[in-house]
Participant: 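This is the structure I have questions about; it appears just below.
Chain letters run A, B, ... following the sequence lines, proteins first and then strands; every chain starts at 1.
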Protein chains: 2
Amino acid sequence: MKQIPESKILEDFLAEKNMRLTYPRKVIVQVFLQSMSHLDIEELHERVRKVDKDIGLATVYRTMNLLVECGLAQENVLFQDKKCFERVYGRDHHDHLVCTRCRTVKEFHHPMIERFQEKTAKKHEFSIVSHRMTLFGICRDCKE
Amino acid sequence: MKQIPESKILEDFLAEKNMRLTYPRKVIVQVFLQSMSHLDIEELHERVRKVDKDIGLATVYRTMNLLVECGLAQENVLFQDKKCFERVYGRDHHDHLVCTRCRTVKEFHHPMIERFQEKTAKKHEFSIVSHRMTLFGICRDCKE
DNA sequence: AATAAAAATGATAATCATTATCAATATCAA
DNA sequence: TTGATATTGATAATGATTATCATTTTTATT
Ligand SMILES: [Mn+2]
Ligand SMILES: [Mn+2]
Ligand SMILES: [Zn+2]
Ligand SMILES: [Zn+2]
């Protein structure tokens with residue numbers, strides 16, 4: 001099957017809701033799609049302001065919420081009460097290893113874990129909608 | 001090995017830090033240890049006020065933080081940005097199934113999942129300090 | 001191109017959970 | 001009983017996020 005490009009996803013979503021693909025939104029999406037890491041709103045705003053320093057924080061919040069709604073972004077809470085965002089469209093599901101010392105985030109995927117999660121849900125007659133699994137600890141580099 | 005009772009754990013912890021086992025703290029701990037579910041601060045405060053309506057919210061916050069420090073309580077964020085607390089001392093580790101409709105929380109433990117988490121960490125040369133896994137979805141009762 | 005309706009923006013106020021502050025009170029060892 | 005010290009509750013402060021609103025952009029219509 002063909003992969004609809006991310007830009008199209010957003011366009012369609014906005015059209016559907018009678019919303020407009022404005023210049024600030026274009027900048028924010030571009031910055032978000034370029035970023036590889038798990039960035040919080042403040043970090044995104046900083047990068048957005050390097051393109052146009054007049055774009056406000058509120059618009060970054062609003063736009064990131066739109067990107068979550070349309071399925072381009074996912075929010076995670078990897079550190080103390082602060083959301084960070086990452087691309088998810090067209091990517092496989094994964095979970096996170098978080099170093100509490102250097103704040104590095106590594107991604108991993110373990111099919112068996114996913115399998116057993118499903119099995120557990122079934123046993124409890126529970127329908128999983130989503131799940132979050134995060135392993136906190138010390139990464140290799142921080143162990144010296 | 002003998003199990004040191006929960007009340008002793010707190011006493012020792014407080015003694016160690018030149019802190020006092022005061023009446024408000026006694027009430028709060030008693031209420032917490034009696035409660036079976038995953039209660040947030042507001043809910044704990046309500047129950048505490050049924051014993052003594054003059055005990056303040058700040059003291060509940062402070063005391064629950066002490067209980068976490070000394071290892072009697074663990075905090076989880078199962079719903080939108082609000083911590084809830086549960087007993088952990090002398091209990092086995094477990095993870096959570098959270099129904100997003102009725103907000104019921106079920107506990108489960110899957111040794112294989114834990115095993116594979118460790119394996120994953122080892123592969124990444126990562127030392128796990130703690131982990132959080134939560135499955136969100138719809139429970140049996142809410143499916144009718 | 002001019003116009004009018006609708007949507008979006010940025011500044012800022014409001015919200016909500018949690019923590020910090022501080023004067024008044026409780027605790028405890030001497 | 002006293003005096004040093006820890007604790008309390010009320011409340012202010014904080015930090016992340018959302019709501020508000022006057023002004024500006026965008027788009028469709030003339
Ligand atoms: Mn990720
Ligand atoms: Mn639990
Ligand atoms: Zn590290
Ligand atoms: Zn339910």
Participant: When you match B/Pro24 and B/Lys82 each to their closest nucleotide on DNA chain C, which lands nearer the 5' end?
Facilitator: B/Lys82
Participant: Measure the distance from CZ on B/Arg62 to C1' on C/dA17 and round it to the nearest whole Å.
Facilitator: 16 Å
Participant: Just to confirm, is there a sub-4.0 Å distance from OP1 or OP2 of C/dT9 to any side-chain nitrogen or oxygen of A/Thr22?
Facilitator: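 Yes, A/Thr22 has a side-chain N/O under 4.0 Å of OP1/OP2 on C/dT9.
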Participant: Has the side chain of B/Tyr89 got a donor or acceptor atom that lies under 3.5 Å from a matching backbone atom of B/Ile4?
Facilitator: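 Confirmed, B/Tyr89 side chain pairs with B/Ile4 backbone.
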Participant: Do B/Glu43 side-chain atoms and B/Asp40 backbone N/O form a donor-acceptor pair below 3.5 Å?
Facilitator: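 Answer holds: yes.
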Participant: Reckon B/Ile55 touches a base, only the sugar-phosphate, or nothing at all at heavy-atom distances under 4.0 Å?
Facilitator: sugar-phosphate
Participant: Please tabulate, for side-chain N and O atoms in residues 13-20 of chain A, each donor-acceptor pair with protein atoms closer than 3.5 Å (sequence neighbours left out).
Facilitator:
unit_1: A/Lys17; atom_1: NZ; unit_2: A/Glu69; atom_2: OE1; d: 3.3

Participant: Find the distance B/Asp54:CG to D/dT7:P and express it as a whole number of Å.
Facilitator: 20 Å
Participant: Can you measure A/Glu75 atom CD to D/dT17 atom C1' for me and round it to whole angstrom units?
Facilitator: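 The answer, rounded to whole Å, is 11 Å.
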Participant: For B/Tyr23 and D/dT8, give me the distance from atom OH to atom P, rounded to whole Å.
Facilitator: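 Rounding to the nearest Å, OH of B/Tyr23 and P of D/dT8 are 12 Å apart.
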Participant: Of the candidate nucleotides C/dA11, D/dA10, D/dA6, which contains the atom at the shortest distance from the side chain of B/Ala58?
Facilitator: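 For B/Ala58, the side-chain atoms sit closest to D/dA10.
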Participant: Between B/Ile41 and B/Leu21, name the one whose nearest nucleotide on DNA chain C is closer to the 5' end.
Facilitator: B/Ile41
Participant: Whole angstrom is fine here: how far is it from CZ in B/Arg25 over to P in D/dG9?
Facilitator: 10 Å
Participant: For A/Asn65 and D/dT17, what is the distance between atoms CG and C1' respectively, to the nearest whole Å?
Facilitator: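 Computing the A/Asn65:CG to D/dT17:C1' distance gives 9 Å.
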Participant: Apart from B/Leu97 itself, which Ile, Leu, Val, Met, Phe, Trp or Tyr residues share its cluster (side-chain heavy atoms under 4.5 Å, direct or through members)?
Facilitator: A/Leu97, A/Phe108, A/Met112, A/Ile113, A/Phe116, A/Phe126, A/Ile128, A/Met133, A/Leu135, B/Phe108, B/Met112, B/Ile113, B/Phe116, B/Phe126, B/Ile128, B/Met133, B/Leu135
Participant: Reading DNA chain D from 5' onward, which residue's closest nucleotide shows up sooner: B/Thr59 or A/Lys83?
Facilitator: B/Thr59
Participant: Does any N or O donor sit under 3.5 Å from an N or O acceptor when you compare the side chain of A/Arg20 with the base of D/dT27?
Facilitator: no
Participant: How close or far is atom C1' of D/dG15 from atom CG of A/Asp40, stated in whole angstroms?
Facilitator: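 In whole Å, D/dG15 C1' and A/Asp40 CG are 12 Å from each other.
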Participant: Grab the OH-C1' distance between A/Tyr61 and C/dA8 for me, whole Å please.
Facilitator: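 So the OH-C1' distance, A/Tyr61 to C/dA8, works out to 19 Å.
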Participant: Under the 3.5 angstrom rule, does the side chain of B/His45 hit a backbone N or O of B/Ile55 as a donor-acceptor pair?
Facilitator: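 Yes.
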